[in-house]
Novice: 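To start, I am sharing the structure in question, which I have written as structure tokens.
Here is how names work: the chains are called A, B, and so on, in the same order as the sequence lines, proteins then strands, and each is numbered from 1. FYI, side chains are in, hydrogens and waters are out, and symmetry mates aren't considered; it's all heavy atoms of this structure.
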There are 2 protein chains.
Amino acid sequence: MARESSRPGITDVAKLAGVSLSTVSRAMNGNPTVDPALAERVRAAAAELGYTANPVARSLVLGRTQTVAVVIPDLENPTFQAILRGLSRAATADGYHVLVADSREDLDEEHALARATRLRTDGVILCAPRMPEEELAALLPALSPAVVINRGPQISAPVVGADYGLGMREIVDHLTSLGHRRLVYLAGATRSVTHKARQEAIAAAVSGFDRLDRLEVEEITAGVDFDSGTAVADQVLASGATAVIAYNDLVAMGLLSALTVRRVEVPGQLSITGFDDIPFAAYTSPPLTTAAVPAVDLGAAAWAAMHAQLTGGEPTPALTLTPTLVVRGSTSAPRED
Amino acid sequence: MARESSRPGITDVAKLAGVSLSTVSRAMNGNPTVDPALAERVRAAAAELGYTANPVARSLVLGRTQTVAVVIPDLENPTFQAILRGLSRAATADGYHVLVADSREDLDEEHALARATRLRTDGVILCAPRMPEEELAALLPALSPAVVINRGPQISAPVVGADYGLGMREIVDHLTSLGHRRLVYLAGATRSVTHKARQEAIAAAVSGFDRLDRLEVEEITAGVDFDSGTAVADQVLASGATAVIAYNDLVAMGLLSALTVRRVEVPGQLSITGFDDIPFAAYTSPPLTTAAVPAVDLGAAAWAAMHAQLTGGEPTPALTLTPTLVVRGSTSAPRED
DNA sequence: CTGTTAGCGCTTTCAT
DNA sequence: ATGAAAGCGCTAACAG
């Protein structure tokens, strides 16, 4: 009754190679203080048995798991998916594993998952955490090392994010340089941080528009998804604006769809811009002009910030990436009246 | 020089509660053989210290990690994202964690990741593994318990998948009942398993079409992405078919886009169907008729199959889910000549 | 350079 | 019902 099917342990290798446990351990970890010949013998024995050190046991003794956790508000969100992808690939390249946790937009879950996953990993990356500032501040020390994505920089952990204000600014400039003077801004979740940034950028653009003609921007509260875009189509049309800045690509696409049904020409009669550059933005008819948030890079940067803490120990300064304006077919100069 | 910032261990709790380690362990695990009063005292001490058992240490002694691994060919693929989402949520609901590994369509990586992640988890779920049949068969025993998604059922592990043939059959039936008799099938990756299934289903539909009029299906090799759909637009138009069955939604959307540019009316002049029902299929103009592959359910089913092995030990029989025909605006009866 | 010994933090017999 | 002791599989002092 032997443990036939059980994976071989370090003891088995030691026995087969005729050496002690420590020698096997040293040899397997490339410790240079071991005799080359012996090391070779150990490796051969290990290979023969198909031995690999048990990572769990190593984790216990070494105090590190070679794994990090990523807590995401919603795995269905294309931007978060892209962040996860960039993060996962970067971490894998450095020999780390990634534990994902989907909080499903539940604040309590988010908090609980962050704590729970931290216990089995070397650090946690909070992706656009939804919890209030205070709670986040109180939680972070318990998670250290941690990295936060897309939250204000007033935080006791490295933060990486995109400058939504700058992206919005690029969009407004694009539209005004095209000749548009009457715009509509379709606002999203009105209490989110990213909303604030966009709103301020628009306000700044308006007040900074020191030409003879004026720039007017009407704000209409829409939402964050496709349907909220279709829902405000008539309101947009009634506004008399020549261009609309949607909160994000989804909203822009919803609006675009509703306008197509109403036979409104885009960009002929109305220009539309999105935000994020989700995978489908390039495939609408017409393709969407938008600000590309470098989500994959954001994920990679978050990993870099985590890796720095895990190795060097030197905390990375806050990093802010800039969205890139992607001009496609949904914007053009306003039609001459 | 005490270990101030270090997390409290079971010893600290034992000391504070004035009991032995074993009692703390038993109390924390709800072992009924411990005196209720003492148990309460232990819990109080644990709460005071903010103690939580170290999962890594538990994993080592218990031989289980409460974590499973999911190996995915490409985190960018919407279907795989949906599978991951369904799986992750189901696993979380059962108190398990999920390690994700993106093999990036690299066969060697896929193999290596499966082995490596298995060492730190209780089982691995292979999502649409790309490796050849033989290699997969040889690998599975080392991964056990494992679950395979979307591969033939000739495998020594529970398999969950969608019946692509049936989905394709539904599409053909939909089109023929609409009155279409000349179809084009835009083939995708011609050596994939899912391609085979679709092709056979079409062949079966053709030969089973025992009416007075004939059903003709021309096959054009396209590809699996948006651009391959746009690329074959002219070929499709030249074929004289009244409806086209695209390999998947992406291809259908590419074709749709190219046809819009050419001012071909869909579905007026040509009906188009997709496959998968990715998130954007409902939002094209016109919205896409497609076969909805229940990817989220597939993920949940894969978890169920894994959970069964992890607990009961009874291997689940192979499970095949059926795609649902979703009729939207891209199909209609062919125009009367 | 190599072997012996002591843990990592926890669960679980085995006594009592 | 509780405590003492063994050990999960490995690494890292500590001797030699």
Novice: Please give, in whole Å, the distance from C:dT11 P to B:Gln66 CD?
Specialist: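 Between P of C:dT11 and CD of B:Gln66: 12 Å.
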
Novice: What residue pairs, at least two apart or across chains, pass ring pair (Phe, Tyr, Trp, His ring centres under 6.0 Å) with a residue in residues 296-318 of chain A?
Specialist: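 Residue pairs with at least one partner in residues 296-318 of chain A: A:Tyr96-A:Trp303, A:Tyr96-A:His307, A:Trp303-A:His307.
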
Novice: Picking from B:Thr11, B:Val24, B:Leu49, what satisfies side chain to side chain contact (heavy atoms under 4.5 Å, CB included) with B:Leu16?
Specialist: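 Of the listed residues B:Thr11, B:Val24, B:Leu49, the side chain to side chain contact (heavy atoms under 4.5 Å, CB included) partner of B:Leu16 is B:Leu49.
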
Novice: Answer yes or no: is there a donor N or O on one side and an acceptor on the other, between the side chain of A:Asp106 and the main chain of A:Ser103, under 3.5 Å?
Specialist: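 Checking the backbone N and O of A:Ser103 against the side chain of A:Asp106, no donor-acceptor pair under 3.5 Å is found.
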
Novice: Can you tell if the side chain of B:Pro55 reaches within under 4.5 Å of the side chain of B:Gln66, non-hydrogen atoms only?
Specialist: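 The answer is no, as the side chains (C-beta and beyond) never meet within the 4.5 Å cut-off.
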
Novice: Reading DNA chain D in the 5' to 3' direction, which nucleotide is the first one with an atom under 4.0 Å from a heavy atom of chain A, and which is the last?
Specialist: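 Going 5' to 3' along DNA chain D, contacts run D:dG9 to D:dA13.
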
Novice: Just by distance, do the side chain of B:Glu110 and the backbone of B:Pro73 share a donor-acceptor pair under 3.5 Å?
Specialist: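 The answer is no, because no donor-acceptor pair under 3.5 Å joins these two groups.
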
Novice: Round to a whole Å and report the spacing from CZ of B:Arg7 to C1' of C:dG9.
Specialist: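 The distance from CZ of B:Arg7 to C1' of C:dG9 comes to 10 Å, rounded to the nearest Å.
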
Novice: Take B:Arg89 and B:Val296 through the test side-chain contact (heavy atoms from CB on, under 4.5 Å) and record every step on the way to the result.
Specialist: CA-CA 10 Å; B:Arg89 292 180 174 176; B:Val296 173; over 6 Å; no

Novice: Using a 3.5 Å distance criterion without hydrogens, assess whether the side chain of B:Arg58 forms a donor-acceptor pair with backbone atoms of B:Val61.
Specialist: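 Side chain of B:Arg58 to backbone of B:Val61, a donor-acceptor pair under 3.5 Å: no, none is there.
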
Novice: Using atom types as modelled and distance alone, determine if a side-chain donor or acceptor of B:Arg118 lies under 3.5 Å from a backbone N or O of B:Ser144.
Specialist: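 Side chain of B:Arg118 to backbone of B:Ser144, a donor-acceptor pair under 3.5 Å: yes, one is there.
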
Novice: Would you work out how much the helix from C:dC1-D:dG16 to C:dT16-D:dA1 bends between its ends, with each end axis defined by five base pairs, to 10 degrees?
Specialist: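 Taking five pairs per end, the axes differ by 50°.
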
Novice: Which is true for B:Ser25 with a 4.0 Å heavy-atom rule: it touches a base, it touches only sugar-phosphate, or it touches nothing?
Specialist: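 Base, at least one base atom sits under 4.0 Å.
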
Novice: Rounded off to whole Å, could you give me the CD1-to-C1' distance for the A:Ile10 and C:dG3 pair?
Specialist: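 Going from CD1 in A:Ile10 over to C1' in C:dG3 covers 13 Å.
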
Novice: Heavy-atom count around B:Arg41 CZ within 6.0 Å, excluding the residue itself: above 12?
Specialist: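 Buried by this count: over 12 neighbours within 6.0 Å.
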
Novice: Does any part of the side chain of B:Leu143, heavy atoms only, come nearer than 4.5 Å to the side chain of B:Leu126, both counted from C-beta?
Specialist: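 When only atoms from C-beta onward are counted, B:Leu143 and B:Leu126 do touch, with a gap below 4.5 Å.
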
Novice: Is any NZ, NE, NH1 or NH2 atom of the basic residue among A:Asp102 and B:Arg85 found under 4.0 Å from an Asp or Glu carboxylate oxygen of the other?
Specialist: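 Looking at A:Asp102 and B:Arg85, the cut-off is not met.
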
Novice: Which of residues 48-62 of chain B sit near DNA chain D, with a heavy atom under 4.0 Å from it?
Specialist: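 The stretch gives B:Leu60, B:Val61 as the residues lying under 4.0 Å from the strand, ordered by number.
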
Novice: Tell me, with the steps shown, if B:Val98 and B:Thr92 meet side-chain contact (heavy atoms from CB on, under 4.5 Å).
Specialist: CA-CA 8 Å; B:Val98 175; B:Thr92 300; 5.5 Å; no

Novice: Please assess A:Leu298 against A:Asn150 for the test side-chain contact (heavy atoms from CB on, under 4.5 Å), listing each intermediate value before the final yes or no.
Specialist: CA-CA 9 Å; A:Leu298 225 49; A:Asn150 269 358; 4.2 Å; yes

Novice: Look only at the side chain of B:Arg115 and the backbone of B:Ala142, and say whether a donor-acceptor pair between them is shorter than 3.5 Å.
Specialist: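 Between the backbone of B:Ala142 and the side chain of B:Arg115 there is no qualifying donor-acceptor contact (under 3.5 Å).
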
Novice: Rounded to the nearest Å, what distance is computed from the CG atom of residue B:Asp12 to the C1' atom of nucleotide C:dC10?
Specialist: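 From B:Asp12 CG to C:dC10 C1': 13 Å.
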
Novice: So what does A:Ser22 touch, heavy atoms closer than 4.0 Å: a base, only the sugar-phosphate, or nothing?
Specialist: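 Counting heavy atoms under 4.0 Å across all strands, the contact made by A:Ser22 includes a base.
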
Novice: May I ask you to test the A:Ile83-A:Ile125 pair for a side-chain heavy-atom distance under 4.5 Å?
Specialist: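 No; the side chains remain at least 4.5 Å from each other.
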
Novice: Would you mind reading off the distance between B:Lys15 atom NZ and C:dG9 atom C1', rounded to a whole angstrom?
Specialist: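 B:Lys15 atom NZ is separated from C:dG9 atom C1' by 14 Å.
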
Novice: Which residues in residues 26-45 of chain A have a heavy atom closer than 4.0 Å to any atom of DNA chain D?
Specialist: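 Those residues are A:Arg26, A:Asn29.
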
Novice: Carefully, step by step, assess A:Thr67 and A:Arg120 under the rule side-chain contact (heavy atoms from CB on, under 4.5 Å).
Specialist: CA-CA 8 Å; A:Thr67 304; A:Arg120 18 186 104 244; over 6 Å; no

Novice: Hey, can you pull the residues of residues 116-124 of chain B with a non-hydrogen atom under 4.0 angstrom from DNA chain C?
Specialist: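 Within this stretch, nothing sits under 4.0 Å of the strand.
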
